[in-house]
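All remarks here apply to the structure that follows.
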Amino acid sequence: MNENPSEPGGPIETTGAFVKWEETIDEVPGITGFIARASRLGLGVAGLALTTTVNAIDRLGPGQSPGGSTLRRLPSAALGIGLAAQEKILGISAQVESSAGFAVSAARSLPLVGNVVTAGDRTLERWSIRGEEEQAGNEVLLSAFIARLAPEIAIAMMERLDINAILESLPIDSVLERVDVDALIGRVNVDNILERVDIDALMTRLDIGPVAQKVLDTVDIGAIVRESTGSVTGDVVDIARVQTMQLDSIVERIIDTLLLRNRRGSARGRAHLEDEVPSDEAPDDVDTQ
Amino acid sequence: MSPPAIRNDRARALQGEKAGIVSRSLADLIDLGVAEAAFVGLLIFVGILRFVLGLERSIVLWQPSASVVLALQLVLLTAVFTLGWAGAGRTLGKGILGLRVLSASGEALTFPRALIRASLCALIPGILVFVALSGKNRGIHDILLRTQVTYDWGR
């Protein structure tokens, strides 16, 4: 909340006889900083609780509460009061801390009392170091505990989730309708993908033998070869037969001419006549099947 | 699977007509080649047989006398013709050229008639010349034995 003067970086302004507390909370050491952080946390929690309560009351009777506006202002007002109180408390705390520090410094310079204060400091330092070590150990233990606990929680949640029900509840069709598949495909760089594919490695992973065997099993290669060979052979034989027929006709015409013989009327004669009639057909048009 | 139809109009029109000198000569030449191949096979077979029987110290081609060679060739050629014409009406040569030997009435030749016809053709190679001169594509042997050779592609 920007209005919160205790926001890190924001100075707390005080008035009157209190000490002006200008340092940010995170940078303040000692008791005053601790109070600032604790009070900020308390104020935040209280503010949230109040806001939630007021919203709940609003939901129970919307528009029916005569003092609705007053009620809605209550969280902010409470927060304002809390902030003012925090300012006072922090000011007092800073003054007390400053005075105590001065008193301790003065006491440390005295002959007898100074020794006691110094001994107290050392004792405090030892306990502080021990406390810090314990705290570090606790942090490590806590981290390990969270690291173990998080997957367990995730697994437990996944087991409880009905993925199918979630998927069914998703409006997949409407999502897909909005997707421009052509544009999506257009953005895909196929060449780049293909360049990354290691064809040799892919081929070594493929077991071509069974695939080829399956193809050969389904295709009757023998029948194809027989059919094609038979067709080609048949074409060649037909061509030879037709050309021999033409040679027969030519020889017959020559001999008929020499012997002054006329074969008109017979089928052979008609064939001869067809030979004599100019045709668009190519001379070697065997047209066999 | 039935054979494909004849698509060439002229060839289709001439089916059943008497075949000319060129077709018949080429068919007979092919049959002559078959007979000669059989003759060479016979020489090899007899050569092996003679080695097996101890008549020769190694396998050598049998070399009979000229008269035996001529006689064997005539017999083999006659056999090729006869076996082809009796019944099916086709030797290998006539099958390739699309010809068929039939009686004048269009029936298949009997074995005796096929044998006599084959003998005449084997003994008198020039007998086919008359086919060209006859005007009806019939040789002397066709007239004598009342036979004919027609275009028949079997479709």
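Side chains are part of it too, since the values below use all heavy atoms of this structure and drop only hydrogens, waters and symmetry mates. Proteins get letters first, then strands, A, B, ... in listed order; numbering begins at 1 in each.
Contact between Asn137(B) and Glu252(A) at its shortest, heavy atoms only, is ND2-OE2, 2.8 Å. Here the closest non-hydrogen pair linking Met245(A) and Ser23(B) is N-OG, 4.3 Å.
For Arg50(B), the CZ atom sits in a packed shell: over 12 heavy atoms of surrounding residues, nucleotides or ligands are nearer than 6.0 Å.
Both the backbone and the side chain of Ile21(B) come within contact range of chain A, with heavy atoms under 4.5 Å apart. Both the backbone and the side chain of Leu247(A) have a heavy atom closer than 4.5 Å to some heavy atom of chain B.
Interatomic distance, CG of Leu26(B) versus CZ of Arg241(A), reported as 13.0 Å (0.5 Å rounding).
Between Asp238(A) and Asn8(B), every side-chain heavy-atom pair lies at or beyond the 4.5 Å cut-off. The side-chain heavy atoms of Trp153(B) and Val237(A), taken from C-beta on, include no pair separated by under 4.5 Å.
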